[in-house]
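For the numbers below, each heavy atom of this structure counts, side chains included, while hydrogens, waters and symmetry mates do not. Numbered from 1 within each chain, the chains take letters A, B, ... in sequence-line order.
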Number of protein chains: 2
Amino acid sequence: MMQCDNNQYGISFECDGGQFVNQLLHNAENRGCFSLPVKQSLVLDGGKGELVRACGRVGRKRGVSETKTAEALRSHSEAERRRRERINAHLESLRGLVPSNEKMDKATLLAEVVSQIKQLRATVSQASEGLQIPMDTDEVKVEAIENLSGDGSLLLRASLCCEHWPDLLSDVRKVIRSLPVRVVKTEISTLGSRVKVTFLISSVEGDSVVGSVRAALSSVVEKVSAMVESAEQLFIPRKRQRVLCLDSSSCLLQ
Amino acid sequence: MMQCDNNQYGISFECDGGQFVNQLLHNAENRGCFSLPVKQSLVLDGGKGELVRACGRVGRKRGVSETKTAEALRSHSEAERRRRERINAHLESLRGLVPSNEKMDKATLLAEVVSQIKQLRATVSQASEGLQIPMDTDEVKVEAIENLSGDGSLLLRASLCCEHWPDLLSDVRKVIRSLPVRVVKTEISTLGSRVKVTFLISSVEGDSVVGSVRAALSSVVEKVSAMVESAEQLFIPRKRQRVLCLDSSSCLLQ
DNA sequence: TGAAACACGTGATCC
DNA sequence: TGGATCACGTGTTTC
């Protein structure tokens, strides 16, 4: 056990840095009535914010350090109150978000929130399968649909699915335009923050076009995924796509 | 201010039942060093679970009531510790469910959870539109598709969408069978805990069949909605449909 | 240094 | 009554 006098409120006590002994001592030390060599404990008189000795008569003359300690205790307890209020406000929000009733204790409420989130995630995952918009994995698909007659040209269905990103659509347009293909049809669907772009593409160069379209779309997906990841690491909350459209044909990319 | 000696730990103090004054007195009373006529305050010696006087010498002889108080304080603080552990365990679960990082303070974590739930709900709502399975409102739709040639028979598309309930499918089967119709095709889709059943129905009685099919399906939906509501009021967590199938033709109802 | 975050034990309240 | 829940002020640690 060693002496530590580095606590900020000027309250001296015995401790050894060990959590266990600290806990054992905690209560007694608060009152300064422990048999170990405790020097003193100070408490705040809530009524006037003045300092009193926990044991013994109320001090007649008070030093500067005691006044400072009184102020520290006051601001400390006020900060703690604000913290509690902040936390409880969020808990109230959650109370409004889970179905169920009011008058639910904190632990049960939090358990309910946990299961609610899991349920919602499962539902979203299910919906994303039905809508063919995977939520967890990015995706690039390119497939030949049919060989057009004679001239060796090809009809392709190509799609990409990833998180939304401001430059996503213009990037997709750029890479598609750089290829020797003609876009027959475009569909853009979104689900939550995910975007899926599907093309019907015709090309006269049947040989390598599948690979080059796949490479082009993959480069876009990889760029977006890198941007999103770095934004998350920098604690920048990604802006969510709020306006969602499903199955809308559009010429945004043309 | 009036005397209250009805607190369970045998600790006497002054109070007036008012929250404000109670708070002001709270701290000083803990130590029994307030200038108001406080009788005594007892604290638990964490090391051995023994009772000591907050002010004054450690008592040599201890009464039965003091022993009982010591035990009460101990079990009280232990119960409180368990409560904290329960709450913190749920908070840890939530930490694992929000994306973001570890080392997030409680208030921020809870704020993140709130926004996460809102986002998930918006996504589910969006998906339910795309999949034509409304999440918030029950629905019965019946429409004539075409008049079959000559004999006055009719082809209908009928659908119902509501929460899942164990007897739902058999109830639907029952009411459909009670009608003078032939079921041509059935589709069952689910999203989360919602179920949508769609029928293609042919009938030789073209006049009233739309209304009677609608009435039949509505009676099922109303029964289910009543069951679900009463289950929620009784705090019975409705069993969620875990196995989800989308757009599956089936003969479950035939 | 001082502000912020957490765990703790306690008084109060409810059923 | 005893047990459970909550708000509170405080000691401690971290940055």
State whether A:Arg74 and A:Glu78 are salt-bridged, where the test is any N-O pair (Lys NZ or Arg NE/NH1/NH2 against Asp/Glu carboxylate O) under 4.0 Å.
-> yes
Taking OP1 and OP2 of C:dA7, is either one under 4.0 Å from a side-chain nitrogen or oxygen of B:Arg81?
-> no
Atom CD of B:Glu71 and atom C1' of C:dG9 are separated, to the nearest Å, by 17 Å
Does B:Lys106 put a side-chain nitrogen or oxygen below 4.0 Å from OP1 or OP2 of C:dA4?
-> no
Could you tell me the separation between the CZ atom of B:Arg86 and the P atom of D:dA4, rounded to a whole number of Å?
-> 8 Å
Provide, to the nearest angstrom, the distance between the NE2 atom belonging to A:His90 and the C1' atom belonging to C:dA5.
-> 14 Å
Looking at B:Lys103, does any N or O in its side chain come under 4.0 Å of the phosphate oxygens OP1/OP2 on C:dA5?
-> no
Spacing between A:Asp105 atom CG and C:dC14 atom P, to the nearest angstrom = 16 Å
Mind checking the CG-CG spacing from A:Asp105 to A:Leu110? Nearest 0.5 Å is all I need.
-> 9.0 Å
Between atom NE2 of A:His90 and atom CG of B:Leu109, what is the distance when rounded to the nearest 0.5 Å?
-> 9.5 Å
Rounded to the Å, how far apart are A:Leu91 CG and D:dA7 C1'?
-> 13 Å
Pair of N/O donor and acceptor under 3.5 Å linking D:dG9 base with A:Arg84 side chain | yes
Proximal nucleotide (of D:dG11, C:dG11, D:dA4) relative to the B:Arg82 side chain = D:dA4
Walking DNA chain C from its 5' end, the first of B:Glu78 and A:Glu80 to be reached, judged by nearest nucleotide, is A:Glu80
Criterion side chain to side chain contact (heavy atoms under 4.5 Å, CB included) on A:Leu169 and A:Ile188, from CA distance to verdict = CA-CA 10 Å; A:Leu169 295 185; A:Ile188 304 176; 4.2 Å; yes
Which whole-number value in Å describes the distance from A:Arg83 CZ to D:dT13 P?
-> 16 Å
Please state how far atom CE in B:Met104 lies from atom P in C:dC6, giving the value in whole angstrom units.
-> 12 Å
In whole Å, what is the span from the CZ atom of B:Arg74 to the C1' atom of C:dG11?
-> 18 Å
Within the modelled atom types, does a donor on one side and an acceptor on the other bring the side chain of B:His76 and the base of C:dG11 under 3.5 Å apart?
-> yes
B:Asp138 and its salt bridge (Lys or Arg N to Asp or Glu O under 4.0 Å) partner, picked from B:Lys196, B:Arg194, B:Lys223 | B:Arg194
